[in-house]
Amino acid sequence: MIKITFPDGSNREYAAGVTPLQVAESISPRLAQDVLAASINGEEWDLSRPVNADSSIKLFKWDDAEAKHAFWHSSAHLMAEALQELYPHIKFGIGPAIENGFYYDVDSGDQPLRDSDFANIEKKMLELAAQKQEIVRQEISKADALKLFGDRNEIYKTELISELEDGTITTYTQGSFTDLCRGPHLPNTSPIKAVKLMALAGAYWRGDEKRKQLTRIYGITFPKKKMLDEYLALLEEAKKRDHRKIGKELELFAFSEAVGKGLPLWLPKGTALRSRLEEFLKRIQKRFGYQQIMTPHIGLKGLWETSGHWAKYGKDSFQPILTPEEDEVFLMKPMNCPFHCEIYKTAPRSYKDLPLRYAEFGTVYRYEQSGELHGLTRVRGFTQDDAHIFCRPDQLKEEFLKVMDIIFIIFNALDFKNFEAQISLRDPNNKEKYIGSDEVWEKSERAIVEACQEKGLNARVELGEAAFYGPKLDFMVKDAIGRRWQLGTIQVDYNLPERFELEYNGSDNQKHRPVMIHRAPFGSMERFVAVLIEHTGGKFPLWLTPDQAVILPISEKFNDYAQQVANELAQQDIRAIVDDRNEKIGRKIRDNELKRIPYLLIVGEKEAENGEVSVRKQGEGDKGSVKVADFAAEISSEVERQITSW
RNA sequence: GCCGUUGUAGCUCAGUGGUAGAGCACUUCCUUGGUAAGGAAGAGGUCACGAGUUCAAAUCUCGUCAACGGCUCCA
């Protein structure tokens, strides 16, 4: 007998070799029906895999991430089985579960897959699932695995196996399909009741651009048809928050093929919103001792030869600008740092001058690969809310912490609650990608890790994600459909001060090198606005929104009064427009609600007589009539409340 | 850049080889109204662009451009 301990601390005795599924059955038939995955002593474990020693167990149902993971992983295998039956010559790469569903990378040879094949594949999957095929785990020696997959000419699988350690290799088999896999999986295919293949994409084998591109098939499955319908409906809803759609509807920004792809045009309302964000940040930065500067959009190529950017990115960038002068070569600036270094060098600096904090809304141009462009989140011309802090080494941590404070203020003011922090370090196995000595890198990386610890910030560490000149702390926020975008970034840099030969006189009257912090709390105005749109669905906070109120005259007879109200509000710095179209009031309300204007002010005979407006709040309906001055005061104080909370 | 999908009026979309369509938006007229779509008329398109097949191409083929979903990249 063995002892199985449950999460609540209780335990029961079972015969050795009991499976988690049998444990579930012993508790209740209902649980046995709902359970999809398990863990034994914290290790993911198949429901049908025997347990032979005293253990603690956890049983997972659909709502647990572990259960979904097993479910979708088994679904990936199910799809592979269907593909194998439909396309016998297909070769398999990898097929994991992901955040929403799963994918499988396959090589279909010279017979390309089309999304018109999806219906067939889905049908086959459901057919196989309904056969309630058992999914069987098997431990296998490396030699046997190589033979098994080698005989079937699974070149991708054999490549993976050749890198595995003998004795750790397992396969899972259902029906006629066997896959190299660690698991865990469902005991059989029958819980998979609803299947939807979502997309086809090319994906390089092992993520390497130089290797063959396989076909990646994305899919999702559910234990109930209704759950699939709900998921698809949710996706449809999310698409309504797409910043590209709302940006067009609300006339915030546009693109023109005549201008060139990835080069956004900011329309009047979008510009108003963006300017307000810039003012907001300037105000906070002023509080933190920053000084605004401005630098040109182009500079001599030598600047970026010095910084190292030309060597690293030059051939993949917008190409140099020539002039009538021979040998005079300019670059569009892809970043602002060299200019800021040059500003630092305009005067001899004392240790007493530091830290110097130079801030600039700097518009930069980067030749992003065409396939990378995406609305406002990935563009070729964008404005960084950039700043560079030049400080003494002993000031580094404090300065870093203060930048974190700015980022938290901003995320808090704009209600970005679900951000993720990522410490991006260099890849220790690939050091030639980076400039600077090991010592400098270690110092920089330590500074970031310690700063996060000090703030109690739970940051994920990613190797190989650093900039080539230094490690960074990035803040990521998800868009409407769950894609992660990097917004704020803070980077520690000992290298550029070296390359630009920056120095200051220390208290010892010797020359010293300052340390540089690059930082951009928004990241870029473009991307930030994009993510803000998706988070708010276009319903911006009152202080930020382009039009705070719209005045709706009941009939054209009251257009003059409406204009008078607009003027009065304008004098109180309230942004109001007048809808003087020849339309009925119901129509004006509808149209302006859809434009997401926070306050609709209806004016007719009564209001004109009394100097009032009838207030209707976006999404909340009629709020009754008030004097124009009272409304203005209320709006002003609401804005004031929002702003002072920064 | 690579794989896949898409491109018809300002917007959303019908239109499978035989004279370019609808709704909304727009213009004009009627209507002058009280809290989410009043009525009528009108205007608007080189069917992304370029070649080809055909008596005939929005429709079939090829190429280019752009957008969309991914991959790779992201100073």
Side-chain angles (χ1 to χ4, degrees), chain A residues 103 105 108 112-118 198-218 239 242 244-245 248-249 255-258 260-262 304 307-314 316-317 333-338 364 366-375 377-380 384 386 424 435 465-470 472 474 481 483 485-486 489 491 493 496 518 523-524 527 552-559 582-594 600-607 614-619 621-625:
Chain A
Y103 66 77
D105 285 349
S108 60
L113 288 165
R114 308 270 160 184
D115 55 16
S116 53
D117 300 321
F118 281 2
M198 304 297 289
L200 277 181
Y204 301 105
W205 172 233
R206 312 201 82 174
D208 185 343
E209 210 178 350
K210 292 181 190 70
R211 304 201 60 181
K212 182 165 170 124
Q213 192 167 54
L214 306 182
T215 304
R216 176 167 298 177
I217 310 171
Y218 286 91
K239 278 188 196 151
D242 189 316
R244 293 165 296 197
K245 181 180 159 66
K248 193 179 276 184
E249 283 169 6
F255 290 89
S256 154
E257 284 188 34
K261 56 185 163 187
W304 289 281
S307 71
H309 288 91
W310 174 254
K312 185 150 179 81
Y313 297 105
D316 299 319
S317 299
K333 68 174 168 185
M335 81 287 305
N336 307 297
C337 342
V364 299
R366 298 179 182 177
Y367 190 77
E368 305 290 0
Q369 297 184 61
S370 60
E372 272 312 325
L373 300 174
H374 182 97
T377 51
R378 195 78 186 271
V379 286
R380 284 178 169 174
Q384 296 178 311
D386 210 358
S424 301
I435 59 172
E465 293 291 312
F468 74 91
Y469 50 76
K472 49 185 185 155
D474 292 329
I481 65 168
R483 286 178 289 225
W485 297 97
Q486 177 206 307
T489 181
Q491 311 175 1
D493 186 357
L496 286 194
H518 310 245
S524 80
R527 185 176 287 176
L552 313 180
I554 292 286
S555 83
E556 292 180 338
K557 280 188 274 186
F558 307 104
N559 281 358
N582 177 6
E583 292 291 351
K584 286 180 143 176
I585 195 65
R587 180 50 178 274
K588 292 186 185 180
I589 288 170
R590 179 184 156 78
D591 289 349
N592 287 289
E593 286 272 352
L594 292 175
L600 311 191
L601 307 178
I602 291 141
V603 297
E605 194 172 0
K606 278 184 296 189
E607 290 79 8
S614 171
V615 179
R616 195 189 153 99
K617 198 164 180 179
Q618 213 273 340
D622 196 353
K623 297 280 174 190
S625 291

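Convention: sequence-line order gives letters A, B, ...; per-chain numbering from 1.
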Any [X] side-chain nitrogen or oxygen under 4.0 Å from OP1 or OP2 of [N]:
X: A:R244; N: B:rC68; value: yes
X: A:H374; N: B:rG69; value: yes
X: A:K623; N: B:rU35; value: no
X: A:R483; N: B:rG69; value: yes
X: A:R114; N: B:rU5; value: yes
X: A:S370; N: B:rG1; value: yes

Separation of [X] atom [atom1] from [N] atom [atom2], in whole Å?
X: A:K245; N: B:rG10; atom1: NZ; atom2: P; value: 18 Å
X: A:L200; N: B:rC68; atom1: CG; atom2: P; value: 19 Å
X: A:F118; N: B:rG69; atom1: CZ; atom2: P; value: 15 Å
X: A:E249; N: B:rC11; atom1: CD; atom2: C1'; value: 9 Å
X: A:F255; N: B:rG10; atom1: CZ; atom2: P; value: 20 Å
X: A:R216; N: B:rG70; atom1: CZ; atom2: P; value: 11 Å

* **Contact letters for nucleotides 42-49 of chain B, in which S counts primed atoms plus P, OP1 and OP2 and B counts the base, heavy atoms under 4.0 Å** => --------
* Structure fact -> In B/S/- notation (B base, S sugar-phosphate only, - none; protein heavy atoms under 4.0 Å), nucleotides 27-33 of chain B written 5' to 3' is ---BBBB
Does [X] reach a base, just sugar-phosphate, or nothing at all? Heavy atoms under 4.0 Å.
X: A:G207; value: sugar-phosphate
X: A:G260; value: nothing
X: A:S307; value: nothing
X: A:A203; value: sugar-phosphate
X: A:G586; value: sugar-phosphate
X: A:K312; value: nothing
X: A:Q369; value: base
X: A:Q486; value: nothing
X: A:Y469; value: sugar-phosphate
X: A:Q384; value: nothing

What's the gap between [N] and [M] when it is taken at their [atom1] atoms, as a whole Å value?
N: B:rU27; M: B:rG69; atom1: P; value: 33 Å
N: B:rC68; M: B:rG18; atom1: C1'; value: 33 Å
N: B:rG39; M: B:rC60; atom1: C1'; value: 45 Å

* Asked: Between A:R616 and A:E593, is there a salt bridge with N-O shorter than 4.0 Å?
  ->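 Judged by the 4.0 Å cut-off on N to carboxylate O distance, A:E593 and A:R616 do form a salt bridge.
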* Salt bridge check: are A:D208 and A:R206 linked by an N-O gap of less than 4.0 Å? ->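 Looking at A:R206 together with A:D208, the answer is no, because their closest N to O distance does not fall below 4.0 Å.
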With respect to the side chain of [X], which nucleotide from [options] is positioned closest?
X: A:Q213; options: B:rA66, B:rC74, B:rG70; result: B:rG70
X: A:E593; options: B:rG69, B:rA36, B:rG34; result: B:rA36
X: A:E368; options: B:rC74, B:rG34, B:rG69; result: B:rC74

* Asked: Quick check: are there more than 12 heavy atoms from other residues, nucleotides or ligands sitting under 6.0 Å from CD of A:E249?
  ->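 Buried by this count: over 12 neighbours within 6.0 Å.
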* May A:Y313 be described as stacking on the base of B:rA75, applying a 5.5 Å centroid limit and a 30° limit on plane angle? ->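 Stacked: centres under 5.5 Å apart, planes under 30°.
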* Would you please classify the geometry between the A:F468 ring and the A:H309 ring as parallel, tilted or perpendicular, with 30° and 60° separating the classes? =>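 Geometry flag for A:F468 against A:H309: perpendicular rings.
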* Using purine N1 to pyrimidine N3 plus N6-O4 or O6-N4 for Watson-Crick, or N1-O2 and O6-N3 for G-U wobble, each under 3.5 Å, what pairs with B:rA20? ->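 Pairing partner, where one exists within any strand: none, as none qualifies.
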